[in-house]
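Report on one structure; see the data block that follows.
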Amino acid sequence: MRSVSKSLIVIASLAVTSLAGVPTAIFHGFGDSCIFPGMWEFTDQIANVTNAYATCVEIGWGTTTSIFENFETQAEEACRKVQADPNFQGEFNVVGLSQGGLLARHIVERCTTQGQPRNLITIGAPNFGVSASPHCFSGMFCDMINYVIDNMVYFSYLQDNIGPAGYFRDPADISTYLEYSVFLPYLNNERAENFTQSINNRFTGLNGAMFIMFSNDTMIYPKETAWFYQLEADYETITPVTETEFYKQDLIGLKTLNEAGKVQFVEWTGDHLQFSFDKINTVLGPFLNK
């Protein structure tokens, strides 16, 4: 009778263990903060659906740092924070919202950790850069604002002091972007002289990657950047990711991972980061628990 009881205890213990997911590192977006209610709720719900540790990794002073800090510097701090967290010594998931998606990808592609990133989710992330000011894509006033941005964004002062400048991608001046942008060309492995095979190796080592785009996104332009689509020099034509040289040359390993059936391109209805808890429960949770 005692041996049966011990067996039941062991079985129950194994069942509980099998239900537990892996920890999740979460990165918020532009102008947000881990202490804001929305991020608290999101992080708590991710912990609930994965039945595992989840934390919002704060960079510097949160809101102000996300806006007024060199983006490469932000990424380096994100890496240090993940490296220092003992919960991320084994497998772990990475989730990024908006520009936090780029930090999440940095952890996967460029951050040397003791643990192994398992699943990656970016939600409304400017994965292939932005080419206009947020919420200001067209009209005379916005055209003037964007003209100024186009002509100044690669100045070192702006690259060093305005976070989003690090992922601004001017399709009409790619050579300047490649030479002077401090972050995105390196994350996307676009600089031939700095091509890093380890980025490809690390990305293809993922169990799965999900890239979520919002159908009416007014924060990032083009909205399809969330799926790595490429805006062309006329500022109107948008090339699907599979037709870009970035994809064909497999610069980060996206083509390899996609052909292995491990990539999901998901579209959610609505504006930037407008989604319900139901999406966390029915889409994000099941994916992170794969």
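Hydrogens, waters and symmetry mates play no part in the numbers below; they use all other heavy atoms, side chains included. The chain is numbered in sequence order, starting from 1.
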Supply the atom-to-atom distance [X] [atom1] to [Y] [atom2], rounded to the nearest 0.5 angstrom.
X: Thr196; Y: Leu251; atom1: OG1; atom2: CG; value: 11.0 Å
X: Asn258; Y: Thr242; atom1: CG; atom2: OG1; value: 8.5 Å
X: Gln230; Y: Phe128; atom1: CD; atom2: CZ; value: 4.5 Å
X: Asn48; Y: Asn281; atom1: CG; atom2: CG; value: 8.5 Å
X: Phe277; Y: Thr282; atom1: CZ; atom2: OG1; value: 12.5 Å
X: Gln274; Y: Thr218; atom1: CD; atom2: OG1; value: 9.0 Å

For [X] versus [Y], what's the shortest heavy-atom pair and its separation?
X: Thr269; Y: Ser215; value: CA-OG, 3.2 Å
X: Tyr221; Y: Tyr235; value: OH-O, 2.9 Å
X: Ser66; Y: His28; value: CB-CE1, 4.3 Å
X: Ala226; Y: Ile212; value: CB-O, 3.6 Å
X: Gln116; Y: Gly205; value: NE2-O, 4.0 Å
X: Val241; Y: Tyr247; value: O-CB, 2.9 Å

Would Tyr229 and Thr225 satisfy side chain to side chain contact (heavy atoms under 4.5 Å, CB included), going step by step from the backbone distance to the final call? CA-CA 5 Å; Tyr229 281 31; Thr225 181; over 6 Å; no

Only pairs at least two apart or in different chains count here, so list each side-chain hydrogen bond (donor to acceptor under 3.5 Å, both in side chains) that has a residue in residues 30-42. Ser33-Glu58

Might you confirm whether atom OH of Tyr180 has over 12 heavy atoms from other residues, nucleotides or ligands at distances under 6.0 Å? no

Taking ring-ring contact (aromatic ring centres under 6.0 Å, His included) as the test, write out the residues that go with Phe88, two or more places apart. Tyr53, Phe92

Among side-chain atoms of Thr239 and Glu232, is any donor-acceptor pair under 3.5 angstrom?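 The criterion, which ignores hydrogens and geometry beyond distance, is satisfied for Glu232 and Thr239.
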
If you measure only the distance, is there a donor-acceptor pair under 3.5 Å linking the side chains of Ser198 and Asn201? no

Would you sort out whether Ile26 and Thr43 count as a side chain to side chain contact (heavy atoms under 4.5 Å, CB included), showing the intermediate values? CA-CA 7 Å; Ile26 299 168; Thr43 302; 3.8 Å; yes

Between [X] (side chain) and [Y] (backbone), is there a donor-acceptor pair under 3.5 Å?
X: Glu224; Y: Pro240; value: no
X: Thr256; Y: Thr204; value: no
X: Gln159; Y: Ala165; value: yes

Parallel, tilted or perpendicular, as decided by the 30° and 60° cut-offs, for the rings of Phe275 and Trp268: tilted

List the steps, then state whether side chain to side chain contact (heavy atoms under 4.5 Å, CB included) holds for Met39 with Leu97. CA-CA 10 Å; Met39 284 308 303; Leu97 296 88; 4.2 Å; yes

Show the numbers, then the answer: is there a side chain to side chain contact (heavy atoms under 4.5 Å, CB included) between Leu102 and Phe71? CA-CA 9 Å; Leu102 300 180; Phe71 207 79; 3.9 Å; yes

Apart from Tyr186 itself, its cluster of hydrophobic side chains linked below 4.5 Å comprises none

Below 3.5 Å, can you tabulate the donor-acceptor pairs from side chains in residues 117-125 to any protein atom, sequence neighbours excluded?
unit_1 : atom_1 : unit_2 : atom_2 : d
Arg118 : NE     : Lys290 : O      : 2.8
Arg118 : NH1    : Glu91  : OE2    : 3.2
Arg118 : NH2    : Lys290 : O      : 2.8
Asn119 : OD1    : Asn207 : ND2    : 2.9
Asn119 : OD1    : Gly208 : N      : 3.3
Asn119 : ND2    : Asn93  : OD1    : 3.2
Asn119 : ND2    : Leu288 : O      : 3.3
Thr122 : OG1    : Asn127 : ND2    : 3.2

Salt bridge (charged side-chain N to carboxylate O under 4.0 Å, His left out): which pairs involve residues 155-173, sequence neighbours left out? Arg169-Glu190

Applying salt bridge (charged side-chain N to carboxylate O under 4.0 Å, His left out), which residue pairs with at least one partner in residues 92-114 are found, sequence neighbours left out? Glu72-Arg110, Arg105-Glu109

Answer whether the closest heavy-atom distance between the side chains of Leu284 and Phe42 falls below 4.5 Å.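 A side-chain contact under 4.5 Å exists here.
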
